[in-house]
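Taking it in order: structure first as structure tokens, then the write-up.
The shown structure was predicted, so the numbers you read here are calculated from the model rather than taken from an experiment. Values below: all heavy atoms of this structure, side chains included; hydrogens, waters and symmetry mates excluded. Naming convention: chains lettered A, B, ... in sequence-line order (proteins, then strands); numbering from 1 in each chain.
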Amino acid sequence: MKRVQILDAAGIGKTLARMAAQIVERSGDEKLTYLIGVQTRGVPLARRLAKLIAAATGVEPPVGALDITLYRDDVGPWRAAHQQPVLRSTDLPERVDNRVVVLVDDVLYTGRTVRAALDTLMDYGRPKAIRLAVLVDRGHRELPIAADFVGRQIPSARSDDVQVRLVECDGEEGVWVEKEVEG
Amino acid sequence: MSRLLIKHARVIDPSQRLDEGLDVLVVDGRIARLAERIEERGAEVIDAAGLMATPGFIDVHTHLREPGFEYKETIASGAAAALAGGFTAVCCMPNTQPVNDSAAVTEFIRKRAEEAGAARVYPIGAISKGQAGEELSEMGEMVRAGAVAVSDDGRPVRHAYLMRRALEYSLLFGIPVVDHCEDPTLVAGGVMHEGAVSTRLGLRGIPAAAEEVVVARDVILAGLTGARLHLAHLSTRQSLEWVRRAKSQGLAVSCEVTPHHLALTDTAVLESSYDTNFKMNPPLRSAEHVAALLEGVLDGTVDCLATDHAPHHADEKALEFDLAPFGVVGLETAVPVTYDLFVRQHKLPLTRFVALWSTNPARLFSLPGGTLKVGSVADMTLLDSEARLPVNPDKFLSKSRNTPFAGRRLRGWPVATILGGKVVWRRERR
Amino acid sequence: MSVAPARRLRGKDLVGIDPLTAPEIQLILDTADEMAKIAERPIKKVPALRGKTVVNLFLEPSTRTRFSFEMAEKRLSADSLSFSSSGTSVEKGETLLDTARNLEAMQPDFIVMRHRYAGSPHWLAKLLKSSVINAGDGAHEHPTQALLDAMTIRRRLGRLEGLTVAIVGDLEHSRVVRSNVLLLQRMGATVRVAGPPSLVPAQMEAMGCEVHHRMEDAIAGADVVMMLRIQLERQGKMNFPTVREYYDFFALTPERLRLAKRGCLVMHPGPMNRGVEIDSRVADGPQSVILEQVTNGVAVRMAVLYLLAGGNGEPTAD
């Protein structure tokens, strides 16, 4: 195994600052912006982005947390026997109708989580638009999904393990890629 | 002249206070000689080295279900199961269809048993016509036809006046009146022992008092009438206290206890999660009562053991606990269950153990057997005290499999039964 | 403090509270809190149990529990069908085992079962591949009721540990009391029960609860008072004399409620006999959480269905 660090804490900070600027730039009316983090690491990322946006515009967008477990496509009738994943909290402080929702997640990979998040969100109301912000895009999409705001493109092999660690969840900060090494 | 010679057996006969290594010679179905070393040319010889030879075991409480419920058991299958359990004779209860309340049914049972040619079967007649608890059945006719006792077992005698008259009338024949002691108004739909376990399981309880109030009544009536009273399958501490009191007053009161009431407690219903093979009447009691029953056997309050062998078809037991019928089979497990419990765990002397299963039942019900005295009928049981086997209901000769002991490994099994000097059953070697 | 939740339920079935551990109970309650949010949404339905089939086998009349299960099943997108004893083969003499085997031949994932005989779901659970959920078995258990009661208490008072809960009424015939005693004690609460001595089952104290005969002794200082339904239709005339006398000694009145802690919750599993075991002023009063119990019932049943839906296989990657 070989573990390579791609971003450190400062790198994550810079990346998020750039993403926040892009979100501000793209939002016509910043009062409509609503950041919703996908559980679990999307939630602290959304909070950090909200602070950065507030610093730039003076308006702090609301932040919600979305659990997509009940909409996952890998635990339904397709799998014979499995343990049901534990539910995490969904907490949307404001309604999503007519808001520009920015879904925030740590890693964009197959796109299946985003599909589940879109479906979940739609059952909460009818947003004006939904955009996608991810800290890392590692490729290998299985669904026709693309991010609007990408912190860092990381070319990876399928067998690689791309790890995002945030102090809020993991007690350490950084992005690493762990590669299987032959021999 | 047929001759059977049993060599090198440990002969245990409570009627002669005998427990020693002896040879036994049987001639024409009767015990001819007991001696340290017998040589008899032309005799069939059984080498019983390492085995115990006892007078044949007698079970005074079975339900053979015929006539009427042949899908559960027949006289032939029940009598065969008896032999395989080490019993040479059984008494059968009258709760058949029709009820054995007449000489005709008594004779029918005797005839069927004879045809079967297995264990001896002694019918017990009903106390009341149709066991309806209203009028006395023809006790004298039944005794003449071969009944050895009367009982309304399965449908307890509610009416104290009827019980009094039955006890009085039995004096004419000197037979015991056997009562299943239960006040149905106190049972009130109960299906297991009333206590902490029934409360936890949400099952209706049968209080110990439902048995005890009738035991008390019966003992008092035995005092009033002077008749022979035998109390069936006692299951509670107070019941035995009443028997002690009766005996201390010199009353002709005896009692039996079943192997399952001694070996199991009501927690079995909890542990098995409502297995209907633990549903019987009286119910398995709490540990406190079971301890009292053990003590009653050890101190001699309990006169004999009996199985209350109650076969039921598997489909009848495959129901909700409340709806399944009461009762378990016992003939093919009773001896190892009690041998293991009393002889191995409680160090009961073997002569006392054999008395509980043979000498005492023979005496209480005035039956042949129960002894190996010279001249007596050569009904014998051979036991292997070391044999350690699991209970396997699939191998039962009984038609039913409703045992609470399935899978239990027990030590001390019958290996052969001898009836009138003939070896009629042998355990297959595995 | 409170127990950490389990990652999963160990069994394939929910036959009672008795087999559950405290962490499993915690997991169900935490999951139910999330499920409750679904009822607040514009679209009160999630696809989690799409393609799963549930048979609601109700062999004893029950409207509210069956509706609550049906609602939970629909909110999770399961396909469900309900089956009540009237007009079915059960009344034609078919055994429960045959009925259940026939249902299972249609390959449902769940059998939710209500039956008047204790232990019947336990028995079927051993014989069937489907997950069996006990919706009440005789006087034995009613696990989802106890779970919804616990959920209601926890949401109102923030915890279960350290609370004193009084349960009053017909203890002998109540499955609600048994499941609640097991659950609340397992989660660290103290349970006191009270009822006429003729309606207290034998050695109830062996379950670990305090047993009182006078209602006042049980509710003094309690955080929660749970009243049980007097099952008028099941009572003989020998357990207590009259409804009038029962009200005199065992009804929850405003005067009696004052003996409990301030802000004490009033609960009832329903359906209520107003003026028998509970006075309307209390049932409809500010301390009553009786309708919240009904709301939470759906969430708890969703949680149980969801958690059992995976079967008992490998852990799912997060």
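Of the atoms belonging to C:Leu182, it is side-chain heavy atoms, and not backbone ones, that fall under 4.5 Å from chain B. At a 4.5 Å heavy-atom cutoff, the contact between B:Ser272 and chain C is made by backbone atoms alone. Using a 4.5 Å cut-off between heavy atoms, C:Met204 contacts chain B through both its backbone and its side chain.
A distance of 10.0 Å separates OH in C:Tyr117 from CG in B:Leu319, rounded to the nearest 0.5 Å. Of the inter-residue distances, the one linking C:Glu172 atom CD with B:Ser198 atom OG reads 8.5 Å to the nearest 0.5 angstrom. Residue B:Thr199 holds its OG1 atom at 8.5 Å from CD of C:Glu205, rounded to the nearest 0.5 Å. Taking CG of B:Asp322 as the reference point, atom NE2 of C:His115 lies at 8.5 Å (rounded to 0.5 Å).
Of all heavy-atom pairs between C:His122 and B:Ser273, the closest is CB-OG, 3.4 Å. The nearest pair of heavy atoms linking B:Glu320 to C:Trp123 is N-CZ3, 3.9 Å. Shortest non-hydrogen contact noted between B:Glu194 and C:Ala202 is CG-CB, 3.5 Å.
Of the listed residues (B:Ala318, B:Gly205, B:Pro207), the one with the most heavy-atom contacts under 4.5 Å to chain C is B:Ala318. Ranked by heavy-atom pairs under 4.5 Å with chain B, the list C:Ala118, C:Ser174, C:Ser120, C:Ala206 is led by C:Ala118.
Applying the 6.0 Å contact sphere to CD of B:Gln345 captures more than 12 heavy atoms from other residues, nucleotides or ligands. For B:Tyr71, the OH atom sits in a packed shell: over 12 heavy atoms of surrounding residues, nucleotides or ligands are nearer than 6.0 Å. Under a cut-off of 6.0 angstrom, the local environment of NZ in C:Lys126 is crowded, with over 12 non-hydrogen atoms contributed by other residues, nucleotides or ligands.
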Task: Stepwise ring pair (Phe, Tyr, Trp, His ring centres under 6.0 Å) check, C:His140 with B:Phe321 - done: CA-CA 12 Å; C:His140 182 220; B:Phe321 199 87; over 10 Å; no
